[in-house]
Amino acid sequence: MTTSIIIWIIQLLLVPALSPLLVGITRKIKAKLQNRQGASCFQPYRDLWKLFHKNEVMSEDASVIFRFAPYVVFAVTLAIAAGIPLLSSIPIFTGDFLTLIYMLALGTFFLALSGIDTGGAFSGFGSSREMLVASLTEAGLVLSLFALALAAKSTNMGDMATTVSGLSSIAYLPIALAFISFFISLLAESARYPFDNPSTHLELTMIHEAMILEYSGKRLAMMEWASANKYLIFAFLGANLFFPWGLAGTLAPFAIIGSIILSFIKASILAVIVAVIEGSFAKWRLFRLPKLLAGSFILSLIAILLII
Amino acid sequence: MNNFILSPLGFLLVLALYLIGALDSLVFYKNDRAAAVSSGVFATLGGITGLILSSAILLTGQTISFNFLNLPLFNIAFNIDRLSAFFMAIISLVATVSSIYSLGYVKHYFGKYNIGTLGFFYNAFIAGLIMVVTSSNALFFLIAWELMSVASYFLVVYERHEEKNIRAGTLYFIMTHVGTACIMLAFFLLYRATGSFDFSAMRAGAGAITPALANAVFILALLGFGTKAGIIPLHIWLPAAHPAAPSHVSALMSGVMIKTGIYMFVRIFIGIMPFTPLWWGIVFLLIGASSSVLGVLYALAEHDIKKLLAYHSIENIGIILLGFGASLSFISLGHPILATTALVASLYHTINHAVFKALLFLGAGTVVSATHTRNIEKYGGLWKYMPKTAFFFLIGSMAISALPPFNGFVSEWLTMQALFGGIATGTFGLKLFFGLMAGALALTGGLAAACFVKAFGITFLARPRSPEIKQVKEASFSERLGMGILALTALLLGLSAGPFSRLLGEVVQNLKNAPLEKMTALSLPISISLSMFAVFVGLVISLIVTYIFVRIFSGQQKVSHGRTWDCGTDLGPRMEITATGFSRSIITVFKKVLQPTRETATAYCDDKRCYFPKESTVHLELHDVYDSLIYRPFGSLLALISEQTRKIQSGHINAYALYIFITLIGLLFYIAR
């Protein structure tokens, strides 16, 4: 119990500390692929710092929801971050994977409400698209993680990581299939290509950026930061649940530091893949996305059927 | 005190309070205010007494059983075991809250409609509901069922000046009686096999039920109780009738009345039936999946706030049936622990849905009576005018969207885990099937969240979309009290997930002749654990940490207020996103299922050339597939048969004498055979 609480607190603080870096790395690689120099990997930290010190303009039409939503959205990412296998594969009391998915929905719910709240002509459509993508992603995400739970005979992510690291290469094959399904969900949930363009400011195509269009100052900083946290959480989940080798099984200080570094390297590799996808694909039409998400669902269903 | 509560007298007191409430309303027929107060107060008292009685039974496990008027076949017999007490607790809880709410709510009917009749049918309706879940004689059950149905019919047509309500009432009346006919047949078949109308005697004599008879009873009961529960495609009356009734009655109908169908499903298929073929479970799972997904999709397309909530009732009945169907399948597959888990999930969702749906209907009632319209496109910005109602509605929306830490999350989580159990233990085909069911549940959860972002956002956020909104006042104290109690219950039922599911485990334990096994996390094929306390504390700590972060990082900056970015034009109310616009993309994705019809019309300033459009309207509507594919063909078939049989009705007396003669000859041959 005590170890669980210690891990919980460290992870709660660690994820927001690292998340802007992962966004910076992704942007840097994307810039390189586009033959640009690109900003430093640490630029997102400076952006956040600057936003936190800017004056804020708030819409007259906005209600309490608009003011309160950034806190909820950010806090939800922290609560989720605290429960994932990051420092070690020791099961944590909030580490049930279904709880994680439902908590994500809590954040999405408030994010979408804040988009409607200002009564702008664009932000509401962002909310509508976000809810479309989020609701269609859920089935694939649930089943892709359940494939691991089925192999582990437990829905706690710590146990899932431990089991996957001990699988033989043949037993691992369906897990690889589930990973592809998970990766599609990762792209959808963290607002990446081909679902959303994280760097666009063309109102007609964007999803996440459209919802937070009216935010400024510290609340915008919180929204951006929360979105970075979510991206890092998904990258860590992908890295440590599907490729859990090297994750510490105990709480020895060196093992923990090792698993943090290794986890971040693995997450960065995923970020490179994301950046390569963003460099080589165009964003898809909104109504092509359901097919991709249905593909994710079917892949994880096949993975489940193949697990013995 | 304890002895009195747990005695037949305590139960009769509950019924007597509703009876007094009903009769009192008639006595004060001429005085609206007195009728409203007396019917509301007595119904509240009845609700509280019922809640105490049923919780005492739930906690002690004592059964109250008594009867009078012992005629052959028929007697007025009550048997209140833990299952009955559980449903009685749900009814009493929602009845208490709705009655408190009604004290303030019915004021807007004063002078327009008679409050005395409303109070009479309201109390009679609740008494009927209580008797339905407590009676132990099938014939007496039918009388109680009829009391419930007829009283609720009169409540549906209560606002009789609107023609739409009368039509909704007629449809409800017909559908519910078609259902009752099926129920009667099912009971008669059971009587034929077991020789008794008493439920416990039926259970004792269940050995005589043959598989063929059991299947016949299954189909009849499924049709009969399924009509009341509102499963698709027997649901057509529900979205018409529930919104037509006054909102505190809608809360009871949607939150409680449709659950009586679930109660009888549990009572008959798990309590009485000696065996359970696998296909029963599969049928229930299929019905559950289709009702939940279609229910939420129709809700998304709906812009009448009460109709939207009614479609969500269909969705939630679907989720309950997913749990129930899984439980039946596990019984037949021989996994008693999983069967218990699934049944607990289904009952947990039953009470959860009653709580948050009642809360949402009460909130919607306040909004409708303040704005005089049910069309959510006319709302907007209501948070500023009725913040407390908005807050309670937000809690209801979060609970129904299964967001932690509220109650809907716990039961959907448990249902999902039960379906996972099916994937983990089944054969290849069953694995695939349960996988699809889990996918349907996940999809439903996501779409429900989308729908409530729409319902809450369009109603309470952004700018008012019509000028009437600016005159809206906050709800009265009794209305807020009613909603507040339910909002708190939604949170408490979420946080007390552990103790409450153990209590439900006790409820279902002795239902079956061979007792279901106790549920323990370790004995499940996949170990699961959920600490709602940890989730709640985790969320609170995260919020505090967030606040500290913001304090550390942000400097002393000013917050100024400005207009929403308007692209250089004037932002009118029509430029906000509408409910139609919000759900449009989802409807387009599911257009194969929903079959939307779209009409666009554009009026031009220059009629001949059509260069400068003046205004353009889009009308989006869903094609009623059930009407055109099921009910109309069925209706015309019925008409065709009637048309054909009419040919033998010549009107000549000698022809009829011939018919009698032929029948007699036929019977003679049949007997002499």
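Throughout, a chain's letter reflects where its sequence line sits, starting with A, and its residues are numbered from 1. The figures here come from the full heavy-atom set of this structure, side chains too, leaving out hydrogens, waters and symmetry mates. Since the model is a prediction, treat every value here as computed from it, not as a measurement.
- Within the 4.5 angstrom heavy-atom criterion, atoms from both the backbone and the side chain of A:Ser127 approach chain B.
- Only the side chain of A:Glu214 comes within less than 4.5 Å of a heavy atom in chain B; its backbone stays farther off.
- In the displayed structure, B:Lys384 atom NZ is contacted under 6.0 Å by more than 12 heavy atoms of other residues, nucleotides or ligands.
- B:Val589 and A:Pro290 get closest at one heavy-atom pair: CG2-CG, 3.7 Å.
- Among A:Ala139, A:Ser216, A:Ser154, the residue with the largest count of heavy-atom pairs under 4.5 Å with chain B is A:Ser154.
- Of the two parts of B:Ala534, the backbone and the side chain both hold a non-hydrogen atom closer than 4.5 Å to a non-hydrogen atom of chain A.
- Formation of a donor-acceptor pair under 3.5 Å by the B:Gln557 side chain with backbone atoms of A:Phe52 is found in this model.
- Ranked by heavy-atom pairs under 4.5 Å with chain B, the first of A:Asp96, A:Val76, A:Leu12 is A:Asp96.
- When heavy atoms are compared at a cutoff of 4.5 Å, A:Ala105 approaches chain B by way of both its backbone and its side chain.
- Looking at heavy atoms from C-beta onward, B:Phe452 lies out of side-chain contact with A:Met131 at the 4.5 angstrom threshold.
- At a threshold of 4.5 Å between non-hydrogen side-chain atoms, the residues A:Phe287 and B:Ser585 count as touching.
- Counting heavy-atom pairs closer than 4.5 Å to chain A, the top-ranked of the candidates B:Ala462, B:Ala440, B:Ala449, B:Gly381 is B:Ala462.
- Residue with the most contacts toward chain A among B:Gly439, B:Gly562, B:Gly435: B:Gly562 (heavy-atom pairs, distance under 4.5 Å).
- Rounding to the nearest 0.5 Å places OG of B:Ser560 at 9.0 Å from CE of A:Met58.
- No other option in B:Val540, B:Ile458, B:Leu447, B:Thr444 has as many heavy-atom pairs under 4.5 Å with chain A as B:Leu447.
- There is no contact between A:Pro91 and chain B, counting heavy-atom distances below 4.5 Å.
- With B:Thr564 contributing its side chain and A:Thr118 its backbone, the two residues share a donor-acceptor pair below 3.5 Å.
- Using a 4.5 Å heavy-atom cutoff, the side chains of A:Arg67 and B:Val559 are not in contact.
- Options A:Asp61, A:Asn156, A:Leu78 differ in how many heavy-atom pairs under 4.5 Å they form with chain B, and the most are formed by A:Asp61.
- Ring orientation note: the planes of A:Trp225 and B:Phe553 are nearly perpendicular, at an angle over 60° on the 30°/60° scale.
- Residues A:Leu106 and B:Met398 are in side-chain contact: their nearest non-hydrogen atoms beyond the backbone lie under 4.5 Å apart.
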**Prompt:** What do the steps show when you test A:Phe66 against B:Trp383 for ring-ring contact (aromatic ring centres under 6.0 Å, His included), and what is the final call?
**Reply:** CA-CA 12 Å; A:Phe66 185 78; B:Trp383 184 291; over 10 Å; no
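- In terms of heavy atoms, B:Lys431 sits closest to A:Ile307 at NZ-O, 3.3 Å.
- The minimum heavy-atom distance linking B:Thr546 with A:Met222 is given by the pair CG2-CE, 3.8 Å.
- When A:Thr77, A:Ile80, A:Leu305 are compared by the number of non-hydrogen pairs under 4.5 Å with chain B, A:Leu305 comes out ahead.
- Contact of A:Phe146 with chain B is made through the side chain alone, with heavy-atom distances under 4.5 Å.
- In plain terms, the two heavy atoms of A:Ala112 and B:Val453 that are nearest each other are CB-CG1, 3.8 Å.
- The two atoms that bring A:Leu113 and B:Leu461 nearest to each other are O-CD1, 3.5 Å, heavy atoms only.
- Counting heavy atoms from C-beta on, the side chains of A:Phe109 and B:Leu394 come closer than 4.5 Å.
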**Request:** Check the pair A:Val64 / B:Phe391 against side chain to side chain contact (heavy atoms under 4.5 Å, CB included), numbers first and verdict last.
**Result:** CA-CA 10 Å; A:Val64 186; B:Phe391 179 70; over 6 Å; no
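- Neither the backbone nor the side chain of B:Leu300 comes within contact range of chain A, judged by heavy atoms closer than 4.5 Å.
- When heavy atoms are compared at a cutoff of 4.5 Å, B:Phe549 approaches chain A solely by way of its side chain, counted from C-beta outward.
- Of the atoms belonging to B:Ile544, not a single heavy atom falls under 4.5 Å from chain A.
- Taking a 6.0 Å sphere around NZ of A:Lys153, one finds it holds more than 12 heavy atoms contributed by other residues, nucleotides or ligands.
- In this structure, B:His561 NE2 and A:Glu56 CD are separated by 9.0 Å, a value rounded to the nearest 0.5 Å.
- Of the listed residues (B:Cys451, B:Ala402, B:Pro464), the one with the most heavy-atom contacts under 4.5 Å to chain A is B:Ala402.
- Of all the heavy atoms in A:Phe125 and B:Ile577, the pair that sits closest is N-CD1, 3.6 Å.
- Residue with the most contacts toward chain A among B:Ala448, B:Ala438, B:Pro387, B:Ser542: B:Ser542 (heavy-atom pairs, distance under 4.5 Å).
- For a residue to count as touching a neighbouring chain, one of its non-hydrogen atoms must lie under 4.5 Å from one of that chain's; by this rule B:Ser401 touches chain A with the side chain only.
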**Request:** For side chain to side chain contact (heavy atoms under 4.5 Å, CB included), just list the numbers for B:Leu443 and A:Phe297, CA-CA rounded to whole Å, side-chain angles, deciding distance to a tenth of an Å, and then say yes or no.
**Result:** CA-CA 11 Å; B:Leu443 181 64; A:Phe297 174 69; over 6 Å; no
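- Residues A:Leu286 and B:Thr588 have side chains not in contact (no heavy-atom distance under 4.5 Å, counting atoms from C-beta outward).
- Of the listed residues (A:Val57, A:Ile9, A:Thr94), the greatest number of heavy-atom pairs within a distance under 4.5 Å of chain B belongs to A:Val57.
- Note on ring orientation: taking the six-membered ring where Trp is involved, the planes of A:Tyr102 and B:Phe409 are perpendicular (angle over 60°, cut-offs 30° and 60°).
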**Item:** Derivation and outcome, side chain to side chain contact (heavy atoms under 4.5 Å, CB included), residues A:Ile65 and B:Phe456
**Value:** CA-CA 11 Å; A:Ile65 295 279; B:Phe456 180 80; 4.1 Å; yes
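- Options A:Val142, A:Thr99, A:Thr137, A:Leu143 differ in how many heavy-atom pairs under 4.5 Å they form with chain B, and the most are formed by A:Thr99.
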**Request:** Might you work through the side chain to side chain contact (heavy atoms under 4.5 Å, CB included) test for B:Phe434 and A:Ile304, ending with a clear yes or no?
**Result:** CA-CA 11 Å; B:Phe434 274 104; A:Ile304 284 172; over 6 Å; no
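- Within a 6.0 Å sphere centred on NZ of B:Lys378, heavy atoms belonging to other residues, nucleotides or ligands number 12 at most.
- Heavy atoms closer than 4.5 Å to chain A are found in the side chain of B:Phe590, but not in its backbone.
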